Amino acid sequence: MRTKFVAGNWKMYTNAARARDLAGEVAGKLGSEKRVAVAVFPPFPYLPAVAETLRGTVVMLGAQNCYCEKEGAFTGEVSPWMVADAGCQWVIVGHSERRHKFGESDFLINRKLHAALEAGLRVILCLGETREERDKGQTERVLGWQLDCGLVGIEGGLLPHLVLAYEPVWAIGTGLNATPEQAQQAHAFLRSRARSRFGNAADRLIIQYGGSVKPENVASLLHQPDVDGALVGGASLQADLFLAIVRAALPAT
Ligand code: 13P
């Protein structure tokens, strides 16, 4: 009942020509396929060019980050209104690289989420525990905290504009994906936490898995009842790998 959603986070990779080519190849090969939702998240400078490439295709566009204000003296930051103006429908907030490499707090992430929704964007909110937290048995405590803080002030009516991405920090870029059972456990926990807050609307909430997703491991992850798609890093930079992941998310016919 939940359409699977596969997103490619290009991180700080590609250049203008490569970004256009990659987006064009993904969109071209996907054709009019609508049984799975697909989005790409290029670096900021390439958003307008990729928006142009994707115009009229089924592939959606998003930014990897945004600031929490509409405009002002915030040198180097990008407002979610600018992201929308550049042709994006989506933005990622709370990615673990933002949390851990740039020190973003749950408070800031919540403010970004509010601003992005106000700007009319749909938001992928990323959450995930570190290796140390998992080893100490704190996974659910961390996920619960990140979810509760991330969603402060968010009403149930906004839930259709929100996607969660469970990305265990130890699985990102390491080649060490979570097992399907670990992913299912975390996703079921997040859904039940969302249910306690938003009721049955949480049944329609898309929860993606991210962390070393590849064509070889995606099917067993997507087979889990609460895994509704994938947020793909490295493998999204090669059209054939990304498309193989997208195909694995198609409903069985
Ligand atoms: P990798 O797929 O490269 O592990 O990255 C995952 C990720 O961080 C997606 O946002």
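In listed order, ligands and their atoms are each counted from 1. Everything numeric here is computed off the predicted structure, so don't read it as measured data.
More than 12 non-hydrogen atoms from other residues, nucleotides or ligands lie less than 6.0 angstrom from CD of E181. More than 12 heavy atoms of other residues, nucleotides or ligands shown are found within 6.0 angstrom of CZ on R195.
A salt bridge links D148 and R193; the closest N-O separation between the charged side-chain nitrogens and carboxylate oxygens is under 4.0 Å.
Not a single heavy atom of A235 sits less than 4.0 Å from an atom of ligand 1. The closest approach between any non-hydrogen atom of A171 and ligand 1 is below 4.0 Å. Distances from ligand 1 to the non-hydrogen atoms of K11 include at least one value under 4.0 Å.
Remark: I207 CD1 to F189 CZ distance equals 10.5 Å, nearest 0.5 Å. Atoms CD1 and CD, from I92 and E97 in turn, are 9.5 Å apart once rounded to the nearest 0.5 Å.
Here is the list of ligand 1 atoms found below 4.0 Å of a heavy atom in N9: 9 (C), 10 (O). Those atoms of ligand 1 that come under 4.0 Å of a heavy atom in L231, given as number and element, are 9 (C), 10 (O).
Between F5 and W90, the gap from one ring centroid to the other is short of 6.0 Å.
Every N/O-N/O distance between G211 and ligand 1 stays at or above 3.5 Å. Polar contact with ligand 1: absent for G210 (N/O pair, distance under 3.5 Å). For ligand 1, the polar-atom distance check against E167 finds a nitrogen or oxygen pair separated by under 3.5 Å. Note: an N/O pair closer than 3.5 Å links G234 and ligand 1 by distance alone.
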Passes side chain to side chain contact (heavy atoms under 4.5 Å, CB included), Q89 versus R122? Steps please.
-> CA-CA 6 Å; Q89 299 86 47; R122 297 176 74 188; 5.6 Å; no
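Atom 2 (O) of ligand 1 has G233 N, 2.9 Å as its closest protein atom, hydrogens excluded (heavy atom only).
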